[in-house]
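Hydrogens, waters and symmetry mates play no part in the numbers below; they use all other heavy atoms, side chains included. In what follows, residues are counted from 1 in the order of the sequence shown. One-based numbering, in listed order, for ligands and for the atoms of each.
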Amino acid sequence: MTYQAVKIADRVYWVGAIDWTLRDFHGYATGRGSTYNAYLILADKITLIDTVKAGFEYEMLARIASVVEPEKISYIISDHAEMDHTGALLTTMERVKPEAVFASAMGVKTLAGQFHGDSGIRAVKDGERLSLGDLTLTFMETRMIHWPDSMFSYLPEEKLLFSQDGFGMHLASLERFADEIPSHVIEYEAARYYANILLPFGTRIAKVLDKLEQSGILPEIIAPDHGPVWRKDIGWIVGKYREWIERRPKRKAVIVFDTMWGSTEKMARAISEGLREAGVSVSYLPLKTCDRADLATEILDAAALIAGSPTLNDGLFPTMADALTYLKGLKPSHLLGAIFGSHGWNGTGADEIRKYFDDMKIDLIAEPLKVNWVPVWGEGNDDERGMN
Ligand code: FEO
């Protein structure tokens, strides 16, 4: 017994790799691992869509070999040049010796940079069709979903859209279809992926969705480069993308903070209780137990961000600097904000948060709440927990 391909359409097989132990994807904590999806089209010209991360070549080639000898592949398409999909491209090219490898123009340029020279990869244009003999692929540029080189490939005969990072999620599983996995897992991991990977590119994604609709492309299968394939839930995931792009926040606030001697934590707890009294749902994120990817995920449907930090060495607590630097890069929009923190002899921790909020264009609902030393709240109970 060895790795097997999984049929996802009459003429298409999943031949990717499962990374069960991945726990960090460029700074995004991936608690459920991931998959690097590659797909094999059994056309006259046998075609491989994307490859896998370096180190997973054997698994991909074994899955291909369960269907067809890898040397029979004529074409390789690189829909996305990021290394989780191209780390194995050169070794695959050396093994398979395909007639041609195709990528977008930006993909050719990006891969030349990564591979230190021209690897003979050919550029295809937006809207270009490639005959595979008895089947056809159409390419669609999708810049910044997730990199400038990114493109979708569409196989009209199977109504199958290869969407690389789009509609993906970091989720290692043996099930290959989203409808085979508990819906709460799918909903959480799809949202976490969008928040941590695609959040800055909502406007571009909206244009791609519009373009798909206008061009009459109505895929019955969407095959992303991470996580499960969509076949029964396409309306649901496309609707979710529309919702996330349009920003439809709930009556929800995210409280993110760290604490040094428990005083900023006391403030966070008081704020959370106050919000609950006011009927606001709270996502409570102490950075000793949560991380930056949790923050990005929780922001996706929140109306407000409330951030707290003690002052350490005249500045921000390091975990807060980490989380806010990460969040700033994801360009969240339309958030209201509030800032709090405890300090001893100066309150620059809260001031540092304000700089991040200004950069993220988060509107403050009030001046930062700074408490000198220990706040008066929850006396008694907290003493027992050693917070004072
Ligand atoms: Fe899955 Fe942008 O790489």
- Residue pair Ala223 / Leu160: nearest heavy atoms and the distance that separates them: CB-CD2, 3.8 Å

Is it true that some N/O/S atom of [X], main chain or side chain, lies under 2.8 Å from atom 1 (Fe) of ligand 1?
X      : value
Asp84  : yes
His80  : no
Asp225 : no
His226 : yes

- Message: Which atom name does His85 have for its N/O/S atom nearest to atom 1 (Fe) of ligand 1?
- Response: NE2

- Message: Tell me which N, O or S atom from Asp165 is the closest to atom 1 (Fe) of ligand 1.
- Response: OD1

- Residue of the set Asp322, Thr319, Thr325 for which side-chain hydrogen bond (donor to acceptor under 3.5 Å, both in side chains) holds with Arg292: Asp322

- Query: For Phe177, is the NZ or CZ atom of Arg231 found under 6.0 angstrom from the centre of its six-membered ring and inside 45 degrees of the ring axis?
  - Reply: yes

- Task: Indicate, with yes or no, if the rings of Phe317 and Phe257 have centres closer together than 6.0 Å.
- Result: no

- Hey, do the aromatic rings of Tyr39 and Phe162 have their centres closer than 6.0 Å? yes

- Name of the Glu82 N, O or S atom nearest atom 2 (Fe) of ligand 1? OE1

- Task: Could you check which N/O/S atom of His146 is closest to atom 2 (Fe) of ligand 1?
- Result: ND1

- Note on the structure: Exactly one candidate in Tyr241, Phe167, Trp244 meets side-chain contact (heavy atoms from CB on, under 4.5 Å) with Ile205; the answer is Tyr241

